[in-house]
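Below you'll find the structure, written out as structure tokens, and then a few comments.
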There are 4 protein chains.
Amino acid sequence: MRVDAQRNRARILDAAEAVFAEFGARASTEEVARRAGVAIGTVFRHFPTKDDLLVAIMKRLLAQLVEDAEGHGLFAFFTHTVAQAAAKKTAVDLLAGSGVDIRLPDAVGHLEEAVGRLLTQAQAAGVVADSVRLPEVMALLASVCQGALHGGWDKHLQARTLAVVFAGLNRD
Amino acid sequence: MRVDAQRNRARILDAAEAVFAEFGARASTEEVARRAGVAIGTVFRHFPTKDDLLVAIMKRLLAQLVEDAEGHGLFAFFTHTVAQAAAKKTAVDLLAGSGVDIRLPDAVGHLEEAVGRLLTQAQAAGVVADSVRLPEVMALLASVCQGALHGGWDKHLQARTLAVVFAGLNRD
Amino acid sequence: MRVDAQRNRARILDAAEAVFAEFGARASTEEVARRAGVAIGTVFRHFPTKDDLLVAIMKRLLAQLVEDAEGHGLFAFFTHTVAQAAAKKTAVDLLAGSGVDIRLPDAVGHLEEAVGRLLTQAQAAGVVADSVRLPEVMALLASVCQGALHGGWDKHLQARTLAVVFAGLNRD
Amino acid sequence: MRVDAQRNRARILDAAEAVFAEFGARASTEEVARRAGVAIGTVFRHFPTKDDLLVAIMKRLLAQLVEDAEGHGLFAFFTHTVAQAAAKKTAVDLLAGSGVDIRLPDAVGHLEEAVGRLLTQAQAAGVVADSVRLPEVMALLASVCQGALHGGWDKHLQARTLAVVFAGLNRD
DNA sequence: TATGAATGAGTGTTCATTCAT
DNA sequence: AATGAATGAACACTCATTCAT
């Protein structure tokens with residue numbers, strides 16, 4: 001039974017990620033249940049509140065970002081993350097706080113650590129100026145992701161925009 | 001009575017701007033009416049649809065931005081707009097499209113023209129590289145505004161982040 | 001000023017007849033005002049209540065029926081009235097009492113008198129059996145009008161249905 | 001819980017039939033819920049739209065008519081149905097199309113078949129002329145029901161009116 | 001533990017009616 | 001007398017959440 005429950009939890013998370021990515025955080029919990037192939041009660045058993053569900057998604061997405069950060073350079077990570085932004089609509093949306101107030105100190109902290117490592121490497125490699133600090137890097141990452149997401153930028157605009165940011169990081 | 005109606009229209013817009021800034025676009029039209037000191041029917045007489053109200057707010061805010069663009073340099077305008085972002089939460093939020101689908105080609109077009117002029121001036125003055133084009137400037141403006149808004153950045157972080165962007169624009 | 005008011009009253013009645021015929025009694029008073037080229041307040045000055053307006057229309061339509069009754073035989077009047085039913089949707093609808101409770105003893109009385117005269121003539125001419133009384137004639141008239149109206153009968157079905165009724169009146 | 005749901009569905013239908021019969025199709029869904037002893041959400045769970053509820057009532061009533069048609073002669077069925085009309089106000093009202101646009105081809109088709117059988121029998125028995133066809137029989141049935149319903153006819157007037165119709169059917 | 005029916009507060013919107021101009 | 005802006009009760013419908021089965 002534990003196994004089934006675990007499987008259901010995962011299914012619900014997957015469904016929720018897809019549904020919220022498609023319709024925004026205003027999508028109904030019923031729709032999530034439908035997509036997960038589960039009754040509405042089951043969703044609420046696993047996540048007593050809609051917000052709990054959103055928080056859980058966020059945690060997964062942030063963990064995914066941390067994983068992505070391993071094995072890339074800072075600029076590659078930036079580019080990759082921005083490109084994914086539209087696909088992972090929810091993450092950015094939720095970080096952006098669409099109605100829901102979410103605090104995820106741990107998950108965010110881990111991401112900051114990961115990006116911090118990339119920053120240090122980039123500075124050691126001389127591609128980012130020493131005066132740059134982590135907060136503005138995180139700020140720029142979040143900003144450009146949101147811009148890319150909501151603006152519907154094409155690849156070309158993404159590239160041009162990131163070029164400006166990278167130039168700015170390289171030397172300011 | 002035209003005068004009173006005009007006054008009410010303005011009051012409703014002010015109230016709506018405040019309410020939507022505080023609670024997001026999901027705030028109820030009733031709350032707007034309450035804050036405007038007006039019956040719900042009056043809101044719907046002036047704006048037959050909640051979306052009409054949101055569009056009207058957007059138009060005002062974009063017009064305000066256009067006005068702000070006159071008489072500033074590009075970087076000053078950038079800085080000022082980002083600083084205002086949190087105060088004018090709605091504008092960015094709506095541009096970001098939280099649920100509501102809004103097309104404002106005219107108003108957006110005017111803003112682009114205004115920023116385009118600033119860009120040309122900045123390039124003439126040699127503070128922005130000639131390779132920079134308007135689309136990425138708009139993209140960066142929107143991005144950083146959203147970042148500043150949702151991330152709750154303090155003045156210091158705003159400044160550091162913009163410093164990177166300005167350096168990037170200056171030379172990339 | 002009296003003249004203008006009278007003109008407005010007539011315009012409102014005309015508009016109301018058209019609007020209610022087109023959209024049913026659920027049409028809004030605003031729509032009537034719009035079609036009459038008059039402000040909503042003017043409608044309510046002339047007819048303090050929507051029901052008052054409906055009653056006024058009914059009176060006009062019944063008076064029209066009385067006029068139609070002059071110079072026709074009973075069967076011709078029947079046929080003509082049924083054919084008009086769809087065009088004069090409201091009359092039948094209101095007689096049918098769609099929500100609104102209306103008592104129009106005088107107007108209905110006059111119509112009954114007129115039809116009574118036709119009945120007497122028809123019996124004198126031997127085309128309607130002597131055993132037939134006015135109440136069932138009125139009942140059949142109202143019934144078939146409603147049927148024709150709501151059923152969307154074509155001319156052919158109208159004719160066949162009336163043929164049965166006329167045969168029944170001729171000899172029962 | 002399927003059982004409880006079924007019970008609720010039935011209760012809602014009963015309540016709706018009563019409420020719409022009493023107040024017309026303009027009665028509020030809330031009133032139906034109240035009379036059914038159920039929360040408003042339950043009504044909408046079973047009938048996602050007010051129109052769905054009206055359609056469901058219609059289907060039930062038409063099915064009832066079909067059932068009534070079994071085991072009666074045409075005239076008896078006519079008489080019985082007209083007498084019931086006032087009690088089953090809604091059916092006629094809805095067939096009459098008060099505002100709501102409803103298509104019930106199947107249910108109506110079944111009723112036509114049933115009445116068609118009665119007609120054939122009546123013609124075989126020689127009480128209805130061979131020249132009479134089903135469409136005008138249906139038309140007369142609907143018409144007289146509406147007349148009886150909205151005119152508030154007493155038993156006596158019903159009988160006299162139907163006598164004319166039956167005479168007309170017998171020989172025209 | 002899963003189900004899905006039930007709840008009911010809340011939302012956007014309409015419209016008859018009132019009333020200040 | 002006419003205008004049309006304002007009112008506010010009412011409505012159809014949604015959805016997060018609870019709970020009986």
Side-chain angles (χ1 to χ4, degrees), chain A residues 1-5 8-9 26-34 37-53, chain B residues 1-9 12 26-33 36-53, chain C residues 1-9 26-34 37-53, chain D residues 1-9 12 26-33 36-53:
Chain A
M1 278 292 166
R2 256 297 145 61
V3 174
D4 275 31
N8 270 346
R9 201 191 130 92
R26 302 174 75 169
S28 81
T29 315
E30 284 270 357
E31 180 59 31
V32 172
R34 196 150 35 235
V38 141
I40 183 67
T42 305
V43 174
F44 277 90
R45 166 170 284 270
H46 283 280
F47 306 95
T49 274
K50 193 186 184 183
D51 282 10
D52 291 335
L53 181 54
Chain B
M1 220 181 228
R2 260 287 149 64
V3 175
D4 276 35
Q6 214 80 23
R7 209 196 315 276
N8 268 346
R9 201 192 130 93
I12 291 167
R26 301 174 72 173
S28 80
T29 316
E30 286 266 358
E31 180 59 31
V32 172
V38 141
I40 185 63
T42 303
V43 175
F44 279 92
R45 160 169 275 265
H46 284 280
F47 306 96
T49 275
K50 192 186 182 183
D51 280 11
D52 290 335
L53 181 54
Chain C
M1 279 291 168
R2 256 299 145 60
V3 175
D4 275 31
Q6 213 76 19
R7 205 193 319 270
N8 271 345
R9 203 190 129 91
R26 300 174 76 169
S28 80
T29 315
E30 285 269 358
E31 179 60 32
V32 171
R34 198 151 34 236
V38 142
I40 183 67
T42 304
V43 174
F44 277 90
R45 164 170 285 271
H46 284 280
F47 306 95
T49 275
K50 193 185 183 182
D51 282 11
D52 291 334
L53 181 54
Chain D
M1 218 177 233
R2 261 286 149 64
V3 175
D4 277 35
Q6 214 82 22
R7 208 196 316 275
N8 269 344
R9 201 191 130 93
I12 291 167
R26 302 174 71 174
S28 82
T29 314
E30 285 267 356
E31 179 60 30
V32 172
V38 141
I40 184 64
T42 304
V43 175
F44 279 93
R45 161 170 274 267
H46 285 279
F47 306 95
T49 275
K50 192 186 182 183
D51 281 11
D52 290 335
L53 182 53

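In what follows, chains are A, B, ... by sequence order, proteins preceding strands, each numbered from 1.
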Residue pair [X] / [Y]: nearest heavy atoms and the distance that separates them:
X: B:Phe44; Y: B:Thr29; value: CE1-CG2, 3.6 Å
X: D:His46; Y: D:Ile12; value: CD2-CD1, 3.8 Å
X: D:Ala33; Y: D:Val43; value: CB-CG2, 3.7 Å

Handout entry: Minimum-distance nucleotide (side-chain atoms of B:Ala5 versus F:dC11, F:dA5, E:dT7)
Key =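 Closest nucleotide to the B:Ala5 side chain: F:dA5.
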Exercise for the section: Output the single nucleotide from F:dA16, E:dA16, F:dT21 whose closest atom is nearest the side chain of A:Thr29. Expected result: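 Ranking F:dA16, E:dA16, F:dT21 by closest atom to the A:Thr29 side chain puts F:dA16 first.
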Practice task
Map every base of DNA chain F to its dot-bracket character, where paired means a Watson-Crick or G-U wobble contact with both distances under 3.5 Å and | marks a partner outside the strand.
Solution key: .||||||||||||||||||||
Practice task
Please check if the side chain of A:Ser28 supplies one atom and the backbone of A:Glu31 the other of a donor-acceptor pair under 3.5 Å.
Solution key: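 Present.
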Practice task
By nearest nucleotide on DNA chain E, pick out whichever of A:Asn8 and B:Ile40 is the more 5' one.
Solution key: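 Nearest nucleotide further toward 5': that of A:Asn8.
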Handout entry: Nearest-nucleotide 5' precedence on DNA chain E, B:Lys50 against C:Phe44
Key =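 First, find each residue's nearest nucleotide; the 5'-ward one identifies B:Lys50.
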Separation of atom [atom1] in [X] from atom [atom2] in [N], rounded to whole Å:
X: B:Glu31; N: E:dG12; atom1: CD; atom2: C1'; value: 15 Å
X: A:Leu53; N: F:dC15; atom1: CG; atom2: P; value: 15 Å
X: A:Arg26; N: E:dG10; atom1: CZ; atom2: C1'; value: 13 Å
X: C:Asp51; N: E:dA16; atom1: CG; atom2: P; value: 10 Å
X: D:Arg45; N: F:dT18; atom1: CZ; atom2: P; value: 16 Å
X: C:Phe47; N: E:dT18; atom1: CZ; atom2: C1'; value: 18 Å
X: B:Asp52; N: E:dT13; atom1: CG; atom2: C1'; value: 12 Å
X: B:His46; N: E:dT13; atom1: NE2; atom2: P; value: 16 Å

Exercise for the section: Answer with base, sugar-phosphate or nothing: what part of the nucleic acid does C:Thr42 contact at a heavy-atom distance below 4.0 Å? Expected result: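 Contact class for C:Thr42: base.
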Problem - 5′-ward residue of the pair D:Ala27/B:Gly37 relative to DNA chain F - result: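 Between the two, 5'-proximity favours B:Gly37.
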Practice task
Drop me the distance from B:Arg9's CZ to B:Leu53's CG, to the nearest 0.5 angstrom.
Solution key: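 The CZ atom of B:Arg9 sits 9.0 Å away from the CG atom of B:Leu53.
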Problem - Atom pair OG1 (B:Thr42) and CG (B:Asp4), whose distance is rounded to the nearest 0.5 Å - result: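 These two atoms lie 11.0 Å from each other.
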